[in-house]
Amino acid sequence: MSRVTPQIIARMKETGHPIVSATAYDYTFSQLVDRAGIDLILVGDSLGMVIQGHDTTLPVTLDQMIYHTSAVVRGARRAMVVCDFPFGVCQSAKEVVLAAAIRIFKESHCDGVKIEGGESVAETIRHLTRQGIPVMGHVGLTPQSVKAFGGFKVQGREESAARQILADALAVEAAGAFVIVLEGIPSDLAGRITEKLTIPTIGIGAGGACDGQVLVLYDLLGLYGDVTPKFVKRYVEGAETVGSALEEYAQEVREGRFPGPEHGFS
Ligand code: KIV
């Protein structure tokens, strides 16, 4: 089975095939996501929230991203695997970012990296793409800027802010990114950007006009959070399902019904 490449992702925009993406953070879920035919697995720094239990993605380190990405790569046979740059790396000089990208590639064997930001990181994206590193862009509600945004708030509602997000997306495309995430922006703005760009857009909280969609795995499986954000669809109530399995296990152990004779060795 051949792996999805940046060229295949680009062609999907041309041919009108929606790109399907989800996050994963470990080997077992990576296998499940891959077997479900998801095209692109993002090892997002959202792991800081759904795996590590932080309020934001900011504490995640480069070592942690490499650790999780290498596990995901081992689970994926067809899907392209992209590793998110954690907060702090892309705020550094472009040479530092290139060195970090080289580490990510050598140690995790992934297929691309994702960088949050627009015009401010375009030069860095250009530096990486010129060295043959596939880059996924990410504009709009970029979670690493949550402190500047004053919370996880939809971006680009005012015309001047919308124009800036469009300029950011164009800068990311001009710098050589092969695909771009549009997060937390009005659906009509995402549609405008998708029409203007030649590279595919992948939306999250950006409506249905994008060339593809991405969701955080633990959100779509209903495993994370008491409140479901408006843009998330929970395809299974995973927390309930897993919770009742664990309760049944606990009850069976306490009542001496597990392990049964069939689970023992002679
Ligand atoms: O970190 C992440 O999971 C992301 C996606 C939600 C796009 O950046």
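Counting convention: from 1, in listed order, for ligands and their atoms alike. Below, all heavy atoms of this structure are taken into account, side chains as well, without hydrogens, waters or symmetry copies.
Of the possible donor and acceptor atoms, one in the side chain of Lys13 sits under 3.5 Å from a partner among the backbone N and O of Thr194. In terms of modelled atom types and a separation under 3.5 Å, the side chain of Thr201 and the main chain of Asp211 share a donor-acceptor contact. Formation of a donor-acceptor pair under 3.5 Å by the Asp111 side chain with backbone atoms of Val82 is not found in this model. Looking at Ser21, its side chain does come within 3.5 Å of a backbone N or O of Leu40 through a donor-acceptor pair.
The nearest protein atom to atom 4 (C) of ligand 1, hydrogens excluded, is given as Leu42 CD2, 3.6 Å; this is a heavy-atom distance. In terms of protein heavy atoms, atom 6 (C) of ligand 1 is closest to Ile204 CD1, 3.6 Å. For atom 2 (C) of ligand 1, the closest heavy atom belonging to the protein is Ser46 OG, 3.3 Å. Protein heavy atom at the shortest distance from atom 8 (O) of ligand 1 is Lys114 NZ, 3.1 Å.
Residue Tyr25 places no N or O, backbone or side chain, under 3.5 Å from any N or O of ligand 1. Taking distance alone, with nitrogen or oxygen atoms compared against 3.5 Å, Thr23 stays at or beyond that limit from ligand 1.
Looking at Leu47 against ligand 1, nothing comes within 4.0 Å, counting heavy atoms.
Glu183 and Gln155 share no side-chain donor-acceptor pair at under 3.5 Å. Side-chain polar atoms of Thr23 and Tyr218 form no donor-acceptor pair below 3.5 angstrom.
Annotation for ligand 1: atoms under 4.0 Å from non-hydrogen atoms of Gly44 are 1 (O), 2 (C), 3 (O). Numbered from 1 in the order shown, with element, the atoms of ligand 1 that lie under 4.0 Å from a heavy atom of His138 read 7 (C), 8 (O).
By the 4.0 Å heavy-atom criterion, Glu116 is excluded from the residues contacting ligand 1.
Taking the six-membered ring where tryptophan is involved, the planes of Tyr25 and His68 are perpendicular, since the angle between them exceeds 60° and thus also 30°.
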